[in-house]
Each structure stands twice: as structure tokens, then as C-alpha cells.
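Remarks on the structure that follows.
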Amino acid sequence: MKPSVADPEHHIDPTDFAQAAINKSLTPETKIRLLRDMIRIRRFEETAGKHYNAGKMGGFLHRYDGQESIAVGCASLMGAHDHMITAYRNHGHALSVGMSMEECMAELFGRATGCSKGKGGSMHFFAPDKNYWGGHGIVGGQSPLGAGLAYYVKYKGLKGSCMCFMGDGAVNQGAYHESLNLAGLFDLPVIYVIENNGYSMGTSQARSSVYKNCLAYRADGYDIVWDLINGWDLYEVRAKMQIAVQRAHEESRPTVVEINTYRHYGHSVADSKAKVYRPEDEIERFKQQNDPIQLWRNRLMEEGVITEAIYHELDKAAKAEAVASVDFAEASAYPEFEDITKDVYFEVDEFTEAGRTGRHFFND
Amino acid sequence: MPVITYREAIRHALDEELARDENVVILGEEVAQYDGAYKVTQGLWKKWGDKRVVDTPISEAGFIGMGIGASMLGVRPVMELMFWSFAYVAWDQMINNAATIRYMSGGKINCPIVIRGPANGGTNVGATHSHTPENFIANTPGLKVVCPATPYDAKGLMKAAIRDNDPVYVMENTVLYGETGEVPDEEYVIPIGVADVKREGSDISLIAHGRAVITCLKAAEILAEEHGIDCEVVDLRSIRPLDEETIIESVRKTNRALCVEENKPFCGVGAQIASLIQDRCFDDLDGPVGRISAVDAPAIYSPPLEKLQLPYPEQVVQKVLAMV
């Protein structure tokens, strides 16, 4: 058994993904931008966490710290007709596709200037103008939507794809399996990306899933090509994801990839210590040895692309941007009471003929 | 005017919309090569081919969700549920995704999808195949729900549903598929949210939707011929949006109201209408608002008993006689 993505025809050296064509073509500027994007996510999440703990926002907060290389690496491959959709741990993806810290932070603060006007919250960020379709709260519920976005790409005859992200906890949802069947059956250019951080909420992989080889291997049963990716290596993420993107573009065929990763914090703020179900030395080991940002920084220093000073500049700028985004959020107004019933029906909001017949809302 | 069946009327609507808009796609179980489990889509695959009329596997959560995702980018899927009872396996997609995506994105994303199929009891197929979820759907802001009673309405409302930019869930009825009615050849669209007075009368308003409208019309005939009671029959046509003004106008004229539905009584559509009438027509009423719903239990299989579980004309007649 070996993963079928990295087959020899793709000419990828599994010992050095930096040599893959998609990575060799990276300019130093782009490599630095990738680093910057990862740092921005980290600083955004840290800042959000701080203000969450200070009682500035409601609901949940599922932090992405530790997994940044996945969203950033994948987003860096997106072209005009490549789309992205994910679950509720979605801040990293949102920032990766180019959403601003301000609109994201304001959403967390429940303000009208938030990306969803304060109507979605932490789990529901959207930017269709950037091919970013959320931000979905129900585990696995986004997987048929991802198939649908890919359905559009195929229906219109476009060269594109939909990267549909999920956690390792989603692979046992029926909707995901139904989506795999449809994707295989209808030749949909969808890429299911399992961000495997080892824990579905507080339940370890061993305690939640039974599987042969790895979670992605289940795709084999649907005759869908799959692969395992070491998520701590940005070069590997990009090299292997690019093959999946190419398959979507050239063959209109789906792929399932499982990207190993680790979240530095809990499933959400509710278990931010997360030490009940994860040994402390495990958390420390991953933070010390498998932090994708530190690994990429080291790599770029080895390559002579950056210096320590450049790294600190990037970090300082990201921190300042995050702080400014909080200032922006706090200075922004909450939505008005009347806004509660806006954005429910298109036809009503747009005052179309269809929106004017009959009663749509039933309060006094 | 040509007389066609309810089934044909829906088919004509689908066919015309396929011709009008290249983004319209029919998807569902057995809709293409099999010609539709209830033959609503008969001939459409042959005419329009694989791209526009698509058979799906038995996988409602998957294909309904796929349709919702495709609609977010601009495909206009018309999804057939072989039975609305099967919607429950796709409930997360239909309620959590279709109904909320516009709201949670702050209005950035639309979901112009139609989900249609029969939602009725009365065919002896047992409880799992006899659900009437219009009240559940109407309870969900972001969704629209339409329940046509006649071929004319079925066609006009289906066309409006397909052109609507919000999710519209159309509940048809297998008992009505073979019923006939006049449907003009010329193009027409019936706006969603406009009720129709199917029979004018002065003594009592019978307010209904779906097949219960037909039941009420039969009861009204009996009441007129045998008891000299003149019933007005208001067909809601859509539950959400709801044409409240037509209901109110009718009750102000007749001063009595009876809500009739094949739905279950608790939090049923009639409960909402009764609440509306007491709120807006309290001083016009000569008596309490009456309700007839399905007998409050899962749909029974036994054929003679199921007939009695759903509203039937004589039951409406007796109830009206007790009210006026």
C-alpha cells in the first residue's frame, strides 16, 4: 500500500519537496509572504484568545495555532476558479485567502463591520469574492457543499477546483462519505483535505475512528486517489496539494489528502488547556519541534532568504496589525436591532417583486 | 383551455424553465433514465440529456447538500425528493446550510435552490413515507414553503420557485398527481405569497393548503346543496411567505373560520392561522376558530383507517354544521 498521489509520474522527490517545480518557482518574496501569512494567523489567534478571555466576545473560539502551514500552503495554490470551504476552525483559512484582520476581528466582537455584519461569529466567516465559502459550524456538514462548489466548476466547464477542509473528527460523518461517493461518481474536481490534528474535540483518533492504514485511505474504497502529507513542511503541503489541484484541473477528478498537524491549544476555548486528554509533554514536544512557523523560518534562514531581523519585523508587523484590528473592532458599532431580520431573504432585502408578496416575518 | 394533470403541469414548468435558463438543472433519485419515480420528470432526460437532468444515488444528505453548494455559485438546482419524508436524512443540509448561509454570510451568499417532491399521507405506505413537514419548514426563517393544490397552481408556483433567489421547498402530493385541471398554454407565473380564494362564500371561511383545499371544496359543495351553507374556501398556496390579508379579508366577510390541513395539529399551520385570526379579526368573529388536522399519531398503514386519519369531506361538513 502506498499513497497514489506521489506516484513517480509526478516526479516528486519525497525526500526534498523543495525541489518540486511548484516550490522551485517560488520567489524569495513569495516565500517571505508565506511566512508572513502564517505569522499573521498566529498573532491574530493569540490576540483573539486574549480578548476572548477578557470577556470581549461571546460563543466559541476555535484557534488555529499550530496548523497554519495547511491553510497558507493550500491558499497559495488557488487560481481564479479554485474555491475553498472549511469547518469552524476557519480563521486561518479566512486570512489566507486575503480577508482582513479587521473584518475578522470585528466579526468576533459581534460588530456590524464584521465580515458577516456580526451575524455569523467565529465559526462563520465568508468571502465569496475571494472564492472563500466559509466557515461552517456542523462537523462534516460542509463536505456536500464542497462537492457542490466543484459541481459548479465542472458544470461551467472551468479549470478549477474546490478545496474542502475538515478535521479528523469529520471523517465519521455520513455526509462526508456521501460526498466522496458523489465526487467519485460525478467526477467532481473537489479536494477533501483532512486536517488531522489527532483529536476530534477531546477524543483521540484511536478512540474515535477505526481505519486501515490512515484516514485518507478510506478514499480507496471510493476509487478516489489519496495521499498523506506532513503538514509541518510547507514545501510538502504545496507540492502534494498541487498534484491534487492539477488532477482537478486536468482530469476533473477528486482527491482526498490527510495532512498531519497539531493544534497548540484546545478544541475551543472551553478546553483551552486541553491537558485532560493530551499529555503535557506531547503538547510541548509539538510546540517545540513541530511548529510550522518556526520550521519555515528556520528553512528560510538556511536558504538565506530571511534574517532574524526580517523575521522579527514580520512578527512585529503582525502583532501591530492584530492590535489595530482590535482597536477597529472596539471602535465599531454593534448591528442595529432592525438588522436581525435583514439578510434572511434575498428577495425581501432587494425589494424585488417576489419579496413583496406575503408575509415573511411573523413578529408583531 | 387544455386540461392536464397536476403531474404534467409540474413537468411543463420544469421543461419551460430548463429552456429559459441554462443554469437550471434537475437532480434527484430516478429523475432521468427511470423517468421519475412518480413520472413527474417523464421525458425530460430524453429531451435535455445528461447535463441538465441528472440521476443521483440514494444519498439525500449528499446530493441535497451538493445542490446547495452548487447554488451558492449560481447553478439553479431543482432537486427532487422521491418523498418529502426522505428530507429528514438531509435535514442538516436543508435547515443548517440552505436556510442560514445568506444570513451567516451577512448577505454575501444566496441559495437559489428548489427542493420538491410529494409530502402527503393517504397512500397506505406507513409512517416513514407519509410525513407533511410544511410546518417545520415554515418555522425556519430563510426558507419558503409552497403547497399547490391544483395543476394550474402547481405549474405557476413551480416557475416562481425556480426563479426565486431564496431556497423554496415545494410540497406536492401523490394523490393529486393524477388530478386534472385547466392550464393555459401561455406562459404565466404565480407569485409566492399570494393566496387564492378557490370558492367564494359568505357563511364561513375554510382555510386550507394542499390536498385539504380539494377536501374543503368537496365539503363546500355538500354544505351548499344539502344544508344551504355558503362556504368560502381560501387556498393558502404558500405557507411562508403567508398571504395574511386574503385570510383576514375572508374572515371579516364570513365572521367564521375553520382551518383544515393534513398536517398534525400541534404547532401545525392551522395553529398559526388561528393565532393570526384572533389577533386581527377578534371583533369580527361570531365563534371560536375551528381546526381540523390529521389524527395526532404516526400515519397508520391500515387502508380504511388511514382514510379516517386525514381530513375528509364529511368530517369538514360535520365540523361546519357544529360551528354555524
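Quick note: numbers below take in every heavy atom, side chains included, and nothing from hydrogens, waters or symmetry partners. The chains referred to below are lettered A, B, ... by the order of the sequence lines, with proteins before strands, and numbering in each begins at 1.
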Is it the case that B:Lys51 places NZ or CZ above or below the six-membered ring of A:Tyr155, under 6.0 angstrom from the centre and within 45 degrees of the axis?
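Ring-cation test returns yes.
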
Quick one: is the NZ or CZ of A:Arg111 closer than 6.0 Å to the six-membered ring centre of A:Tyr334, and within 45° of its axis?
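Positive - A:Arg111 is close enough to the ring of A:Tyr334 and near enough to its axis.
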
Aromatic contact, A:Tyr132 with A:Phe125 (centres under 6.0 Å):
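Here the rings of A:Phe125 and A:Tyr132 have centres that are no less than 6.0 Å from each other.
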
Can you tell me which of [options] forms the most heavy-atom pairs within a distance under 4.5 Å of chain A?
options                                : value
B:Lys144, B:Arg102, B:Met104           : B:Arg102
B:Val25, B:Thr56, B:Ile109             : B:Ile109
B:Glu245, B:Glu244, B:Arg163, B:Gln272 : B:Glu244
B:Ala160, B:Gly67, B:Pro77, B:Gly107   : B:Gly107
B:Ile192, B:Asp243, B:Asn165           : B:Asn165
B:Cys111, B:Pro57, B:Ser59             : B:Ser59

Selection from [options] maximising heavy-atom pairs under 4.5 Å formed with chain B:
options                                : value
A:Arg356, A:Lys156, A:Lys117, A:His360 : A:His360
A:Glu353, A:His83, A:Met123            : A:His83
A:Tyr345, A:Tyr152, A:Phe126           : A:Tyr345
A:Ala354, A:Pro128, A:Pro335, A:Ala147 : A:Pro128

What part of [X] lies closer than 4.5 angstrom to a heavy atom of chain A: side chain, backbone, both or neither?
X        : result
B:Leu27  : side chain
B:Val89  : neither
B:Asp55  : backbone
B:Arg52  : side chain
B:Asp164 : both
B:Ile64  : neither

Side chain, backbone, both or neither: which part of [X] has a heavy atom under 4.5 Å from chain B?
X        : answer
A:Tyr151 : side chain
A:His177 : neither
A:Tyr176 : neither
A:Leu182 : side chain
A:Cys162 : neither
A:Leu180 : neither

With no hydrogens and no angle check, do the side chains of [X] and [Y] hold a donor and an acceptor under 3.5 Å apart?
X        : Y        : result
A:Ser122 : A:His91  : yes
B:His209 : B:Glu134 : yes
B:Glu232 : B:Ser205 : no
B:Trp91  : B:Asn96  : no
A:Asp168 : A:Ser200 : no

More than 12 heavy atoms of other residues, nucleotides or ligands under 6.0 Å from CZ of A:Phe361: is that the case?
yes

Please check if atom CE in B:Met82 has more than 12 non-hydrogen atoms from other residues, nucleotides or ligands closer than 6.0 Å.
yes

If I compare all heavy atoms of A:Gly140 with all of A:Ala175, which pair ends up nearest, and what's the gap?
O-CB, 3.9 Å

Heavy-atom closest pair, residues A:His62 and A:Phe60
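The pair with the smallest heavy-atom distance is CE1-CB, 3.5 Å.
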
So, A:Lys119 side chain and A:Asp339 main chain: donor-acceptor pair closer than 3.5 Å or not?
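Yes; at least one donor-acceptor contact below 3.5 Å.
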
